[in-house]
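A short worksheet on the structure shown next.
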Amino acid sequence: MRRRGLSTVVGAVFFVIAAATSITYITYSMDTIDNFAQTIAVNEVEQSNKENEKFEITRIKIDNGKFNFTLQNTGNIPVSIARLWVDNKTDSDWIPAKYTIDKSISPGGTKYNIGQDIPLFALDTQAYDVKLVTKRGNTLPVSINSDVSANLYANLIAMPDRVTDEFTTTLVLEIVNNMTSNDILTEISPTITCGSRLVPVTSITPSSIDTLEKGDIAIFRKVYKADGLAGDTSNCNAVLRTGGNTIGPVTVTIQDPAFASQSATALESEGLTCCKTGDDTIVFHDEAQGVPPISNSFQIYSGLPELNGVTKELDITTPIRYFTKNDTDVTVDIPSGSWDLTFVYNSNLTPSGISIPNMAYFFDDNFSVNDSSGNNLSLNPSSTPPVIIVGGDVHGHDSAQFDGANTYYSIPFSSEDNDIGSQPQTTAGWFKIDSSQAGRGTIYRVESSDGAEYYDISFDTLLDKLQFRYFTNGNGAIEVLCESASLSLDTWHFFVAVRDGDDTCSLYVNGGAATTKILGSDGTGSGAKNVDIDSQPTYLGYDPGTGNYLDGEIGYIMHWESQPITTEALADALYDANYGTGSHKLRVEYSITDQVGTELGGSENYIHEESDVLIPFGDPQNSPTGTQWHEFVYANTLSNSTDPSSEFHFGDNNRLKIEFEWNNDSSANSALLGMNLDVDDTGYSDNIGTKLQIPMPSTPFTSYFVWNINDDLTFTITNAGPEGMWPLFSGTRVIFEKVDSGEAYAGLLKSFNATSSSQNMDPEKDGTFLDVNKKGVLEFFKPKTKPETGLGYDIVPDAHYRMYVSIVGYDDRGSNVFRTFYVGVVNVCDTTC
Amino acid sequence: MNHSQRGISTIVTAGILLSSVALMGTGLVTWSQSNLTERQANLSTSFSNNINKLKESLVLEHIWFDPVPFVNMTLTNVGTNSINIVEIEFRDTNTLQTIQKHDISDGALDPSASYSFQPNFDYTLYQSFTIVITTERGSVFSNQATTP
């Protein structure tokens with residue numbers, strides 16, 4: 001019995017050891033398999049994420065030499081953009097380059113300004129293949145600015161193509177990006193031109209389109225007015241890009257008036273707007289109703305301008321302020337992103353106190369008209385023209401470089417603008433003399449036909465002095481001379497030369513006190529006090545009598561005929577004026593205020609403020625677009641650092657305030673020029689003008705239009721002509737579309753310019769005649785889901801609606817009138833608003 | 001046989017039996033432990049290799065062609081493990097025959113790192129070919145490219 005027991009114990013011990021070993025192994029194996037399975041699962045998730053990663057390019061631009069991508073995450077997982085590959089397809093020597101992006105986009109989110117911080121200078125004239133690479137290894141290749149002539153559908157049509165004299169036709173250019181590759185066309189700025197029988201009424205609209213993705217369609221319009229006889233024709237063509245293939249022609253034929261053609265009559269709303277704008281575009285208006293009681297305050301909201309442009313002169317005494325409407329029911333959240341403030345502006349040509357010169361030449365490489373004074377005196381170059389140095393002058397403006405051998409400009413004679421015969425005369429400008437200048441370098445010279453009498457500003461390198469001389473050639477006359485102190489070569493200098501008497505002169509150099517006459521006198525006898533000019537031109541950089549040429553540069557030249565600059569202060573102001581990249585200095589502020597315009601304060605309500613925003617000179621006569629207005633975009637990427645979602649929050653009754661203050665600066669060569677802002681201008685090329693583009697808000701800022709449902713629903717229009725018109729009961733409607741749900745209501749036309757109910761309209765009675773430049777008041781029945789006459793209504797008050805007014809009528813030439821106004825987001829209220 | 005003789009032989013027999021059982025048991029346990037340890041090590045190695053191989057992820061991020069015979073490519077490790085590229089082969093896409101094969105000695109890539117490769121390649125216009133990349137763990141990544 002004892003032996004059996006011992007055997008059992010020994011056997012049990014071995015069994016336990018064997019069992020424990022087996023269990024350990026099995027457990028380990030199972031753990032390993034479990035780990036393996038989990039790894040496979042994780043790997044599958046990663047693969048799935050990679051396949052589900054989706055993002056799109058919603059916009060591509062080249063801003064200031066930098067790519068500017070707007071990307072949207074269209075998938076349901078975060079996307080991290082790791083790198084950007086860029087290959088220049090225009091420059092064959094370019095080596096593909098890789099740039100680190102490292103930007104994450106949350107699902108559904110949008111990221112702006114990608115590419116703005118990479119060290120790459122991109123040209124919008126060149127084509128690029130770019131590829132965005134995510135951290136998961138997915139790529140999005142696109143081509144930018146490819147050859148748009150290849151495989152591109154483009155069609156030009158005239159609507160109508162038969163038009164009566166004095167009536168308009170609209171040229172419509174359709175462009176479809178149907179290229180088989182994944183190319184994105186960017187910066188499309190086509191031109192449409194027609195023969196002489198068609199006169200352009202508008203510029204092409206839109207003037208350009210930033211991005212045209214594969215499959216997208218771009219439509220450009222340009223309106224022409226017929227000017228000819230029946231049977232005359234004009235061919236129209238379009239070109240997508242300079243040097244590109246021509247699209248067209250389409251032929252427009254002028255015909256005798258036809259029955260019921262569309263009227264050219266234009267209607268304008270009053271205090272309201274026409275077409276629809278994006279909720280992220282805030283337009284500057286001239287109206288001041290409903291803004292806080294602070295001086296120089298005006299409206300801003302997302303509705304297009306309705307006036308013909310109002311010029312706001314920015315001055316130092318009173319800032320100009322713009323406010324959105326406060327609304328007790330609406331809160332607006334603006335996500336982080338780009339705030340692009342587009343100034344449409346021009347600059348005063350001279351500092352305060354100095355009159356407009358008779359000639360002003362800035363040698364701007366972009367401009368077709370050379371004389372910025374408005375007198376349009378041409379600047380004729382020699383057969384070998386001076387070289388324009390882009391950004392060459394002391395302020396960064398273009399300059400003209402003369403070679404000292406055979407380059408100059410001549411300006412034709414004008415008795416009103418450059419006949420320097422009698423005093424007073426003033427000429428001013430910036431110049432730089434090259435050290436290679438031999439002898440006398442002529443800057444400005446006019447001389448009589450025999451060369452005996454002259455008005456001359458030149459630099460004498462034997463003395464290293466600027467000299468202002470004139471000679472009248474009368475009996476006993478001696479050359480009148482003013483000269484500067486010694487001036488260094490290869491350096492920019494400024495002069496104001498004044499003939500302020502018959503035999504006196506003043507020469508101000510570099511903002512210093514004047515040097516007055518050193519020697520000389522006028523003569524006696526007939527005409528002895530005059531430099532007798534018949535029709536001789538003015539020369540810049542050349543003396544035709546001696547053959548002296550200028551070896552150096554001129555920054556700008558201005559000349560005042562029969563006007564002296566009489567004080568050192570004015571000469572100094574001209575010296576200080578900056579005609580380059582920093583002509584104006586503004587303080588710009590965005591802030592959140594309460595309903596009376598008081599800033600809320602606190603870091604959570606701080607948006608942005610900058611004191612020294614430099615704005616370049618905007619020539620009042622010339623611009624690259626051929627208009628008097630210039631564009632300057634002040635761009636910032638803004639986010640609320642104290643908010644978890646980085647959003648700016650506008651509570652009920654809060655307003656967005658935008659404030660500008662022209663910032664004078666009395667230091668030398670700084671901004672002293674006035675600046676004029678163009679607002680509320682329907683004539684501007686993009687039909688918006690001065691505006692602020694913000695990230696898409698959660699809800700649009702409401703317009704200033706409020707309708708109390710207990711009041712009459714009226715809408716005022718102005719007939720801008722050219723024909724008088726009658727509104728029709730049939731088809732003229734007011735429409736309200738609820739912002740948050742899209743429910744729609746419409747109201748029938750009740751009356752037009754009616755003074756009593758007997759003048760109300762119905763299907764058998766049209767409205768009264770509205771002559772050109774007259775105002776008319778449309779009154780509508782209250783909106784319903786099923787529009788009809790009567791007192792009832794079912795539109796829900798105390799809500800916000802997008803309001804449209806559609807007007808149908810006919811003019812006094814029998815043509816139809818159609819027009820739809822988008823009023824903006826209006827507050828429809830009840831009892832109290 | 002008296003009682004004492006029978007008792008001794010019983011004890012001896014028992015001792016022999018016990019010794020035998022102990023020896024056999026010890027041997028058996030030793031063998032099983034050794035066997036299991038070896039299998040565990042094999043399993044661990046196999047697991048490690050397969051898991052690491054599974055985690056390898058490589059993309060051909062960009063390829064561009066300079067004038068013949070230059071081709072440039074950038075490969076990026078988008079996985080979470082380091083990768084060692086040991087071979088890059090170009091194959092004819094239609095016949096699958098090797099066009100050229102390169103042994104890579106500097107292809108170790110940390111996660112998120114990239115490797116640039118510029119072999120000479122006498123390509124023709126619009127030629128499609130397959131790029132086969134082999135890692136040290138035996139993973140094979142295949143991409144197709146077409147010359148411009």
Side-chain angles (χ1 to χ4, degrees), chain A residues 2-4 6-7 9-29 31-40 42-44 46-47 50 80 82-87 89 92-98 102 129-139 141, chain B residues 10-11 13-15 17-22 24-41 43-48 50-67 70 72-81 111-112 114 116 141 148:
Chain A
R2 238 183 13 236
R3 285 199 307 271
R4 209 169 1 162
L6 195 57
S7 299
V9 169
V10 171
V13 168
F14 285 123
F15 174 78
V16 167
I17 293 171
T21 306
S22 300
I23 289 168
T24 303
Y25 176 72
I26 290 167
T27 305
Y28 177 78
S29 300
D31 286 346
T32 303
I33 291 167
D34 182 51
N35 282 343
F36 195 76
Q38 285 186 28
T39 303
I40 289 174
V42 168
N43 207 40
E44 283 182 351
E46 287 175 355
Q47 289 296 327
K50 187 176 178 184
S80 181
R83 283 172 293 281
L84 172 71
W85 284 89
V86 181
D87 190 4
K89 306 307 288 184
S92 57
D93 294 331
W94 178 284
I95 298 172
K98 182 173 69 172
D102 199 20
D129 279 354
V130 300
K131 181 193 277 182
L132 290 154
V133 184
T134 72
K135 279 194 176 168
R136 294 188 180 94
N138 286 322
T139 60
Chain B
T10 302
I11 290 167
T13 305
L17 275 172
L18 281 173
S19 301
S20 302
V21 169
M24 288 170 62
T26 305
L28 189 65
V29 168
T30 305
W31 171 81
S32 81
Q33 286 239 340
S34 151
N35 192 29
L36 290 177
T37 303
E38 185 184 346
R39 287 180 181 280
Q40 195 169 335
L43 186 62
S44 178
T45 305
S46 170
F47 165 80
S48 174
N50 285 322
I51 287 293
N52 287 334
K53 195 172 165 185
L54 201 62
K55 286 181 176 177
E56 286 192 338
S57 187
L58 186 74
V59 294
L60 176 60
E61 183 171 304
H62 195 55
I63 182 167
W64 71 97
F65 299 88
D66 287 334
F70 299 107
N72 305 269
M73 63 175 74
T74 296
L75 305 163
T76 300
N77 178 2
V78 294
T80 53
N81 274 10
S112 300
S114 295
S116 293
F141 299 93

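Note on naming: letters A, B, ... go to the chains in the order of the sequence lines (proteins, then strands), and numbering restarts at 1 for each one.
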Comparing Thr76(B), Val78(B), Val59(B), Leu36(B) against chain A, the one with the most heavy-atom pairs below 4.5 Å turns out to be Leu36(B)
Using non-hydrogen atoms and a 4.5 Å limit, figure out which bit of Asn35(A) sits close to chain B: side chain, backbone, both or neither.
both
Side chain from CB out, backbone as N, CA, C, O: work out which of these in Ser114(B) comes under 4.5 Å of a heavy atom of chain A, or both, or neither.
side chain
Report yes or no: does Asn138(A) contribute a side-chain atom to a donor-acceptor pair with the main-chain N or O of Lys50(A) at less than 3.5 Å?
yes
Ser48(B) side-chain N/O to Ser44(B) backbone N/O, donor-acceptor pair under 3.5 Å
no
Please classify the contact of Thr32(A) with chain B as side chain, backbone, both or neither, using a heavy-atom distance under 4.5 Å.
both
For Ile33(A), is it the side chain, the backbone, both, or neither that has a heavy atom closer than 4.5 Å to a heavy atom of chain B?
neither
For the side chain of Thr134(A) and the backbone of Arg136(A), is there at least one donor-acceptor N/O pair under 3.5 Å apart?
yes
Between Thr26(B) and chain A, with a heavy-atom cut-off of 4.5 Å, which part of the residue counts as in contact: side chain, backbone, both or neither?
both
Please determine, among Lys55(B), His62(B), Arg39(B), the option with the most heavy-atom pairs under 4.5 Å with chain A.
His62(B)
Would you find more than 12 non-hydrogen atoms of other residues, nucleotides or ligands less than 6.0 Å from Lys135(A) atom NZ?
no
Pair Asn43(A)-Gln47(A), side-chain donor/acceptor within less than 3.5 Å:
no
Here the pair of heavy atoms bringing Leu58(B) nearest to Phe141(B) is N-CE2, 3.6 Å
Would you mind checking which part of Ser29(A) comes under 4.5 Å of any heavy atom in chain B, side chain (CB onward), backbone (N, CA, C, O), both or neither?
both
